[in-house]
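Every chain is numbered from 1, with letters handed out A, B, ... down the list of sequences.
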There are 2 protein chains.
Amino acid sequence: MAPLKQCIRMMDEGIARVSQVLVQLPAAEATLSRLMLIVSRRMEEDLELQLKPHRLNHSEFLTMMFLYSRPDGSSTPGELCEFAAQGATNMTRIANALVKRGLITRAACREDRRRVVIRITAAGRRLVLKMLPPLFPRVDAMFGDFSETDQRHLARLLRKLAANLDQLSEHTPS
Amino acid sequence: MAPLKQCIRMMDEGIARVSQVLVQLPAAEATLSRLMLIVSRRMEEDLELQLKPHRLNHSEFLTMMFLYSRPDGSSTPGELCEFAAQGATNMTRIANALVKRGLITRAACREDRRRVVIRITAAGRRLVLKMLPPLFPRVDAMFGDFSETDQRHLARLLRKLAANLDQLSEHTPS
DNA sequence: ATCTTTTACTTCATCAGTGAAATATGAAGT
DNA sequence: ACTTCATATTTCACTGATGAAGTAAAAGAT
């Protein structure tokens with residue numbers, strides 16, 4: 001894995017050169033966009049690497065975590081799609097895989113029988129409890145040298161960015 | 001597309017509930033991690049949507065931009081792999097596709113005949129110049145309400161995070 | 001000079017995710 | 001009752017990315 005440092009340096013140089021030709025280019029904003037994508041990509045790679053020993057991918061992990069975090073340990077495919085930003089097709093596949101491993105159950109909903117209720121099993125809870133703690137040191141390391149205010153700032157800016165993205169999507173109803 | 005706002009609220013609630021059970025959970029850091037992944041995922045979706053009309057995906061776009069930004073408009077697959085954080089296999093496929101569209105050329109390197117030199121064509125440059133400007137308003141909108149100091153802060157924090165991730169990868173020579 | 005190792009890229013098989021269309025079922029509105 | 005809408009699953013075709021093995025050339029070792 002190539003160090004991000006180098007990758008980021010190349011990006012900086014590239015943007016500098018391009019903005020000499022294309023003067024209208026919003027260099028600072030473009031840099032921020034690329035930084036976001038580069039850094040988070042590495043974060044995701046890192047996470048997937050940690051999940052691999054447990055034979056879970058990112059989507060499956062998110063699904064498990066979401067279920068685990070719910071008071072009653074259950075949800076529906078539709079809700080999971082929204083949360084995990086997955087298509088319904090993929091959600092079905094994920095649920096199939098997790099059911100097969102005995103980590104969740106699928107059952108018809110009593111009130112609205114169109115719905116399917118997905119519930120985390122005891123084995124699922126055990127898996128989450130087993131795999132989560134080893135993740136903590138890595139997360140700590142990522143933000144180890146972030147002061148309290150650094151953390152607050154980053155959270156604030158990311159939430160602000162999220163709000164702007166929501167605005168953008170609204171005006172681009174694709 | 002579900003609004004990020006809602007997705008983020010669910011995440012906040014989830015982390016709050018989990019950290020009541022798992023007290024060791026570094027809640028602030030976990031929140032920052034998830035925020036990064038959620039927000040950048042949406043950014044990437046948005047970008048891919050803008051690229052689609054030009055029949056480019058993210059990797060291909062990165063490749064084109066990297067070539068375009070180089071003084072001589074050329075590079076090698078290996079270098080591109082590093083920059084775009086792609087496997088060599090994927091790079092081959094990308095190059096195939098771009099060559100087929102006449103956006104780049106592939107040629108054997110004279111000095112080292114293992115190497116392949118990839119070069120952007122005039123058509124490739126035209127495409128970049130055509131597709132880039134329409135992207136600017138969106139990037140501007142994303143960071144529109146970011147003050148100068150907001151932008152500086154975000155860039156600084158992301159670069160710091162990148163450095164920490166590099167540290168992490170070093171100590172995990174997978 | 002030959003043998004081995006390393007580097008650079010490609011090929012092939014496969015997996016993960018997406019989008020669209022078809023199906024089944026049930027709820028809600030008139 | 002009848003239409004319309006909502007929820008979820010299945011199938012199929014497709015895109016994008018990856019891992020393992022293969023090829024070819026350069027670099028290094030003996």
Side-chain angles (χ1 to χ4, degrees), chain A residues 1-2 37 41-42 44-49 51-64 74-101 104-119 174, chain B residues 1-2 37 41-42 44-49 51-64 74-101 104-119 174:
Chain A
M1 244 190 267
L37 295 182
R41 169 156 197 168
R42 171 62 57 86
E44 193 160 347
E45 280 172 9
D46 191 83
L47 175 57
E48 298 249 26
L49 217 71
L51 298 180
K52 191 154 261 181
H54 305 282
R55 290 149 46 219
L56 286 182
N57 64 23
H58 194 172
S59 309
E60 292 164 343
F61 174 66
L62 268 183
T63 304
M64 291 301 293
S74 77
S75 182
T76 67
E79 199 176 17
L80 281 162
C81 282
E82 296 234 319
F83 175 69
Q86 305 277 221
T89 306
N90 205 25
M91 201 58 240
T92 300
R93 193 178 48 75
I94 291 169
N96 285 340
L98 296 179
V99 166
K100 191 179 290 181
R101 287 183 57 186
I104 64 172
T105 58
R106 234 195 305 222
C109 176
R110 297 208 175 280
E111 304 91 56
D112 183 344
R113 291 195 349 209
R114 289 170 302 186
R115 284 172 179 260
V116 168
V117 175
I118 286 176
R119 190 178 303 276
S174 71
Chain B
M1 243 191 267
L37 296 182
R41 169 159 196 164
R42 171 61 56 86
E44 195 161 345
E45 280 173 9
D46 190 82
L47 176 57
E48 298 248 25
L49 219 69
L51 298 180
K52 192 154 260 179
H54 305 282
R55 292 149 46 221
L56 287 182
N57 65 23
H58 193 175
S59 309
E60 292 164 343
F61 174 66
L62 269 183
T63 303
M64 292 302 292
S74 77
S75 183
T76 66
E79 201 177 18
L80 281 162
C81 281
E82 296 234 319
F83 174 68
Q86 304 280 203
T89 307
N90 204 25
M91 203 56 241
T92 299
R93 191 181 50 73
I94 291 168
N96 285 341
L98 297 178
V99 166
K100 192 178 290 181
R101 287 182 59 185
I104 66 171
T105 59
R106 232 196 307 220
C109 176
R110 296 208 177 280
E111 305 90 56
D112 184 342
R113 292 197 345 217
R114 288 169 303 184
R115 283 173 183 263
V116 169
V117 175
I118 286 175
R119 190 176 302 278
S174 71

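- The distance between atom CD of A:Glu48 and atom C1' of D:dA17, rounded to the nearest whole Å, is 12 Å.
- A side-chain donor from one of B:Arg93 and B:Asn90 sits under 3.5 Å from a side-chain acceptor of the other.
- One interatomic measurement links the two molecules: CD of B:Glu111 to C1' of D:dA25, which rounds to 14 Å at whole-angstrom precision.
- The salt bridge (Lys or Arg N to Asp or Glu O under 4.0 Å) contacts involving residues 77-86 of chain B comprise B:Arg70-B:Glu79, where partners must be two or more places apart or lie in separate chains.
- At the heavy-atom level, B:Arg55 lies nowhere under 4.0 Å from the strands shown.
- Here the nucleotide nearest the side chain of A:Arg114, chosen from C:dT18, C:dT11, D:dA6, is D:dA6.
- Listed nucleotides D:dG16, D:dA8, D:dG19 differ in distance to B:Arg93; the shortest reach to its side chain belongs to D:dG16.
- Between D:dT9, D:dT7, D:dA17, one nucleotide has an atom nearer to the side chain of A:Val116 than all others, and that is D:dT9.
- With distances taken from any side-chain atom of A:Arg115 to the nucleotides C:dT11, C:dC9, D:dA8, the minimum falls on D:dA8.
- Rounded to whole Å, the distance from NE2 on B:His58 to C1' on D:dT15 is 16 Å.
- Between the C1' atom of D:dT7 and the CD atom of A:Glu79 lies a distance of 13 Å, rounded to the nearest Å.
- Within 4.0 Å of B:Asn57, counting heavy atoms only, lie sugar-phosphate atoms of the nucleic acid but no base atom.
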